[in-house]
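Just the heavy atoms: all of them, side chains too, but no hydrogens, waters or symmetry mates, feed the values below. Lettering of chains follows the sequences in order, A, B, ..., and the numbering in each one begins at 1.
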There are 2 protein chains.
Amino acid sequence: MLSKKTRYALKALVVLGKNFGGVPIQISKIASEEHIPKKFLEQILLDLRNAGLLYSKKGSGGGYGLVKDPAEISVVQILRLTGGPVALLPCVSLNFYQKCDECDNEVTCGVRDVFVDVRDVTVKILSETSIADVIKREKNLIENYTQ
Amino acid sequence: MLSKKTRYALKALVVLGKNFGGVPIQISKIASEEHIPKKFLEQILLDLRNAGLLYSKKGSGGGYGLVKDPAEISVVQILRLTGGPVALLPCVSLNFYQKCDECDNEVTCGVRDVFVDVRDVTVKILSETSIADVIKREKNLIENYTQ
DNA sequence: TACAAAGCATATAGATTTAGTAGACTTTTT
DNA sequence: AAAAAGTCTACTAAATCTATATGCTTTGTA
């Protein structure tokens, strides 16, 4: 399962993505719109900023904005930045690999082999999907929903 | 990430699957072979037994065995039995669904939409893969490894 | 220049979950 | 009768996650 941190980050990036090119948006606005605890969101956006994904502006009229086009930001990148695991087993993770305590030789582990496949299809989807794509999906869903 | 409980369950079932049709295997044997804490494994196998997946026999010469053919037991079933989440978001889970706190209307949530796709491919793999398949994979891996 | 708006940074508390341990009991075999 | 092995419940310890608190810095504006 993704952590709340990861979820909140994705939600916030969608908001910022819709606003790409516009004036900065305040944390408090995103927090209230998306029902995210403000102080928690503060930390998260700070992380994303320190990772070079967002710019920030202090003082009155300040806030956050995307540095890059939302089409250039993949969902998988956000999971990794916010520590969210993509793989279902540590011994299968590309970015957060950890040796399996149980296995003598993980290369011949059948269970691991299955979850390598799961990881591959998951990473494929999440790396091919950008924040812009998420926004597009949302638009399509709203269209079909209100029909 | 899968819990240790789920991992241990899968490991144990592979051992029991290889032994399908033979005499029962003791917890302590599985525990020491697979480097799993014995008392913890005890609980896990008990759960699997109560779920009807294993039979048990007490007393000297007792132990555990599979009730069904390992080809009839899917990996996804084990994840669900041991509480392991398949979906990466609660609002996307088929068996452990929970409403999203943040979303006003989850039907039009773009983030959710992406993770529905991820869930679908994951469930497909894990429901098409049986314990027997895991054992087969292991055999293939060992063959290729020792070549 | 003062003040308010907004982000920056770190520390800490609280809650939840997970992993593992303990101990006493029951059944079965020898 | 004794030993082997599973059954059952409770508990503890550790880790992690979520959220809050506090004080600080920067920037815009009256």
Side-chain angles (χ1 to χ4, degrees), chain A residues 1-12 16 23-32 34-67 79 82-85 88-90 96 98 100-102, chain B residues 1-12 16 23-32 34-67 79 82-85 88-90 96 98 100-102:
Chain A
M1 286 275 173
L2 302 185
S3 63
K4 290 255 184 184
K5 182 175 177 180
T6 299
R7 284 200 253 169
Y8 292 162
L10 288 171
K11 287 277 192 179
L16 293 169
V23 297
I25 304 183
Q26 289 89 330
I27 297 174
S28 50
K29 195 187 170 203
I30 300 174
S32 67
E34 302 296 321
H35 309 116
I36 301 171
K38 190 193 158 195
K39 279 305 227 174
F40 196 14
L41 185 59
E42 232 172 72
Q43 289 174 40
I44 295 167
L45 295 185
L46 197 56
D47 282 352
L48 297 178
R49 192 202 87 118
N50 290 335
L53 227 65
L54 305 180
Y55 71 82
S56 64
K57 206 184 155 203
K58 286 186 179 182
S60 174
Y64 278 101
L66 286 187
V67 169
L79 294 227
T82 54
L88 291 178
L89 291 177
F96 300 92
Q98 269 188 293
C100 183
D101 293 328
E102 302 92 59
Chain B
M1 286 276 172
L2 302 184
S3 63
K4 291 253 183 185
K5 181 174 179 181
T6 299
R7 284 199 252 169
Y8 292 161
L10 289 171
K11 288 276 192 181
L16 293 169
V23 297
I25 304 182
Q26 289 89 330
I27 296 174
S28 50
K29 196 187 170 204
I30 300 174
S32 68
E34 302 295 321
H35 309 114
I36 300 171
K38 190 193 159 196
K39 279 302 228 175
F40 196 14
L41 185 60
E42 234 173 66
Q43 289 173 40
I44 295 166
L45 295 185
L46 196 55
D47 282 351
L48 296 178
R49 191 201 88 117
N50 290 335
L53 227 63
L54 305 180
Y55 70 84
S56 64
K57 205 184 157 203
K58 287 185 178 181
S60 175
Y64 278 102
L66 286 188
V67 169
L79 294 226
T82 54
L88 291 177
L89 291 177
F96 300 91
Q98 270 187 295
C100 182
D101 294 327
E102 302 92 60

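The base of D/dC8 has none of its N or O atoms less than 3.5 Å from a complementary donor or acceptor on the side chain of B/Gln43. Between the side chain of A/Lys39 and the base of D/dT22, a donor-acceptor pair under 3.5 Å is found.
Listed nucleotides: D/dA5, D/dC8, C/dA19. Nearest to the side chain of B/Asn50: D/dC8. Across C/dT29, C/dA9, C/dT21, the shortest atom-to-atom separation from the side chain of A/Glu42 is found for C/dA9.
C/dT18 atom P lies 10 Å from atom CE of A/Met1, rounded to whole Å. One can place CG of A/Asp101 at 12 Å from C1' of C/dA19, the figure rounded to the nearest angstrom. Atom pair A/Leu48:CG and C/dC8:P shows a separation of 11 Å (rounding to whole Å applied). As a whole-Å value, the separation of A/Lys57 NZ from D/dG28 C1' is 8 Å. Note: CG (B/Leu46) to P (D/dT9) measures 9 Å, nearest angstrom. Between the C1' atom of C/dT27 and the NZ atom of B/Lys58 lies a distance of 5 Å, rounded to the nearest Å. B/Lys11 places its NZ atom 18 Å from the C1' atom of C/dA19, with the value rounded to the nearest Å. Between A/Lys38 atom NZ and C/dA5 atom C1' the separation is 10 Å, expressed in whole Å.
If you look at A/Tyr55 and A/Tyr64, their ring centroids are not closer than 6.0 Å.
Within the 3.5 Å criterion, the main-chain N or O of A/Ser28 finds a donor-acceptor partner in the side chain of A/Ser32.
Heavy atoms only, all atoms of each residue included: A/Glu102 and B/Glu34 are closest at CB-O, 3.4 Å. Here the closest non-hydrogen pair linking B/Ala31 and B/Lys38 is CB-CA, 3.9 Å.
Contact annotation: A/Tyr8 reaches the phosphate of D/dA19 (side-chain N/O to OP1 or OP2, under 4.0 Å). Contact annotation: A/Arg49 side-chain N/O to C/dG7 OP1/OP2 distance is not under 4.0 Å. Between A/Ser56 and the phosphate of C/dC8, there is a side-chain N or O to OP1/OP2 separation shorter than 4.0 Å.
At least one side-chain heavy atom of A/Leu16 sits under 4.5 Å from a side-chain heavy atom of A/Leu54.
Contact annotation for A/Leu45: no contact, since no heavy-atom pair falls under 4.0 Å across all strands.
Map A/Lys5 and A/Gly59 each onto its nearest nucleotide of DNA chain D; the residue landing nearer the 5' end is A/Lys5. Of the two residues contacting DNA chain C, namely B/Ser3 and A/Ser60, the nearest-nucleotide position lying further toward the 5' end is that of A/Ser60.
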